[in-house]
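Structure first, then comments.
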Number of protein chains: 2
Amino acid sequence: MKIDATDRKILIELQRDAAQSLDDIAKAVGSSKTPVWNRIRKMKEAGVIGAQTVLLDAEALGFEATFFVLIRTSEHEAEWQNRFLKALRERPEVQEAHRLAGDIDYILKVRVRNARAYDAFYQALISEVKVHNVTALLSMEEIKATVALPL
Amino acid sequence: MKIDATDRKILIELQRDAAQSLDDIAKAVGSSKTPVWNRIRKMKEAGVIGAQTVLLDAEALGFEATFFVLIRTSEHEAEWQNRFLKALRERPEVQEAHRLAGDIDYILKVRVRNARAYDAFYQALISEVKVHNVTALLSMEEIKATVALPL
DNA sequence: TGATATATAGGAAATTGTTCCGCATCTGGG
DNA sequence: CCCAGATGCGGAACAATTTCCTATATATCA
């Protein structure tokens, strides 16, 4: 799908605050509500705009530990990989998972209540799928956290 | 702020889809509009619920490269750290930044259009603040990406 | 240029968000 | 055990927003 300058402005506004009214967005992008509404609808249909969600205060809700997990594995067969990906997708503690180029095979971002909960997660994961080497990096401070793309 | 079982159900619904109507949320949590509205308002005031945003398709918008950047530094003075944090917060390519415990001092998640854009970001960053050692991990595949907490 | 397609602004109808009010439930003090 | 005050609930009224329609303007291409 082709995204023009007006679409981009709308996306910037939506990223900033998805709860504002169409009139406000229209004013911000210098248009009126109908074209804005049509453009948003098209971008939703095309999948450019995905879920609409809220960002919660993790610490206020008791999620006080964030780990980045670096995984190396010697297994690279399809069957193993499918089980591994399935395990990651099913575990809600895993907020992000990427397959990497190079030395390290995967990186995960894991949000848990505390170190003990991380250990429980870790034990459960390695009992499900064999991995060669795991390094956990513990976050001491979340300096920045946004989901906005730099449009 | 104290969060009870109903609040938690509301948060789960909001994380799943922040665009649904109050009536739908009320039905999902087994309550009616008014209490749901009051609870949401209180949680917003308390900061438990932060921004409301949309998740965009990064690839469709031309952001085809994601890097995780591991940073070691020998500098740990307040002045240096302030400049470093400021630089990270000002750069929109940096979607996440954490200060870590242990060997590696910081981890960043950086979203850019391509490898060249990453290099430009990298050069700009190290010219602003001196860092000892930088490792960039390139994502080949985003296996999972959610901002939902495992409530 | 003229015909066609596409995007726009404004407004009406339907839906949703917000507020108010009476009622039920819970809590702590006598 | 009972009462007064506080708190939370559901329903209804009102305000605002979304959604859709129509007429007009703008761009496109032969």
Side-chain angles (χ1 to χ4, degrees), chain A residues 1-63 113 146-151, chain B residues 1-63 113 146-151:
Chain A
M1 180 187 178
K2 205 175 148 294
I3 305 288
D4 68 11
T6 304
D7 291 327
R8 208 182 315 274
K9 282 190 205 167
I10 292 170
L11 292 177
I12 289 170
E13 284 302 312
L14 285 177
Q15 286 195 140
R16 200 173 55 71
D17 178 12
Q20 63 189 316
S21 74
L22 280 174
D23 279 324
D24 289 345
I25 297 172
K27 204 182 303 166
V29 307
S31 182
S32 68
K33 65 190 147 79
T34 308
V36 171
W37 188 80
N38 281 318
R39 285 162 180 272
I40 290 174
R41 187 177 46 77
K42 277 180 194 163
M43 289 193 281
K44 280 181 178 166
E45 278 170 12
V48 174
I49 297 175
Q52 187 165 327
T53 188
V54 291
L55 303 182
L56 304 181
D57 182 336
E59 294 204 357
L61 291 163
F63 293 89
R113 300 198 166 271
T146 179
V147 293
L149 298 175
L151 296 164
Chain B
M1 180 181 178
K2 206 175 147 295
I3 305 289
D4 68 10
T6 305
D7 290 327
R8 208 183 314 276
K9 282 191 205 165
I10 293 171
L11 292 177
I12 290 170
E13 284 302 312
L14 286 177
Q15 286 194 142
R16 200 173 54 73
D17 177 12
Q20 63 188 314
S21 73
L22 278 174
D23 279 323
D24 289 345
I25 297 172
K27 204 181 304 167
V29 307
S31 183
S32 67
K33 242 162 45 156
T34 308
V36 170
W37 189 83
N38 280 317
R39 285 160 180 274
I40 290 175
R41 185 177 50 77
K42 278 181 192 163
M43 290 193 281
K44 280 182 178 165
E45 278 170 13
V48 174
I49 298 176
Q52 186 163 329
T53 189
V54 291
L55 303 182
L56 304 181
D57 182 336
E59 294 203 358
L61 292 162
F63 293 89
R113 298 195 169 275
T146 179
V147 292
L149 297 175
L151 296 165

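Every chain is numbered from 1, with letters handed out A, B, ... down the list of sequences.
Smallest separation of non-hydrogen atoms from A:M1 and A:M43: CE-CG, 3.7 Å. Scanning both residues, B:V36 and B:A26, for their nearest heavy atoms gives CG2-CA, 3.8 Å. The minimum heavy-atom distance linking A:D57 with B:G47 is given by the pair CB-O, 3.4 Å.
C:dT15 atom P lies 12 Å from atom CG of B:D23, rounded to whole Å.
In this structure, the separation between OG1 on A:T6 and NZ on A:K9 is 6.0 Å, given to the nearest 0.5 Å. Remark: B:R39 CZ to B:I3 CD1 distance equals 9.5 Å, nearest 0.5 Å.
Within residues 27-52 of chain A, the residues having any heavy atom closer than 4.0 Å to DNA chain D are, in order of number, A:K33, A:T34, A:W37.
Read 5' to 3', the first and last nucleotides of DNA chain D with an atom closer than 4.0 Å to a heavy atom of chain A are D:dT17 to D:dC21.
Every side-chain contact (heavy atoms from CB on, under 4.5 Å) that B:L151 has, sequence neighbours left out, goes to A:L56, A:L61, A:F63, B:R8, B:L11, B:I12, B:Q15, B:L149.
For the pair B:Q52 and B:L14, the minimum side-chain heavy-atom distance is 4.5 Å or more. Looking only at side-chain heavy atoms (C-beta outward), B:K27 and B:D24 come within less than 4.5 Å of each other.
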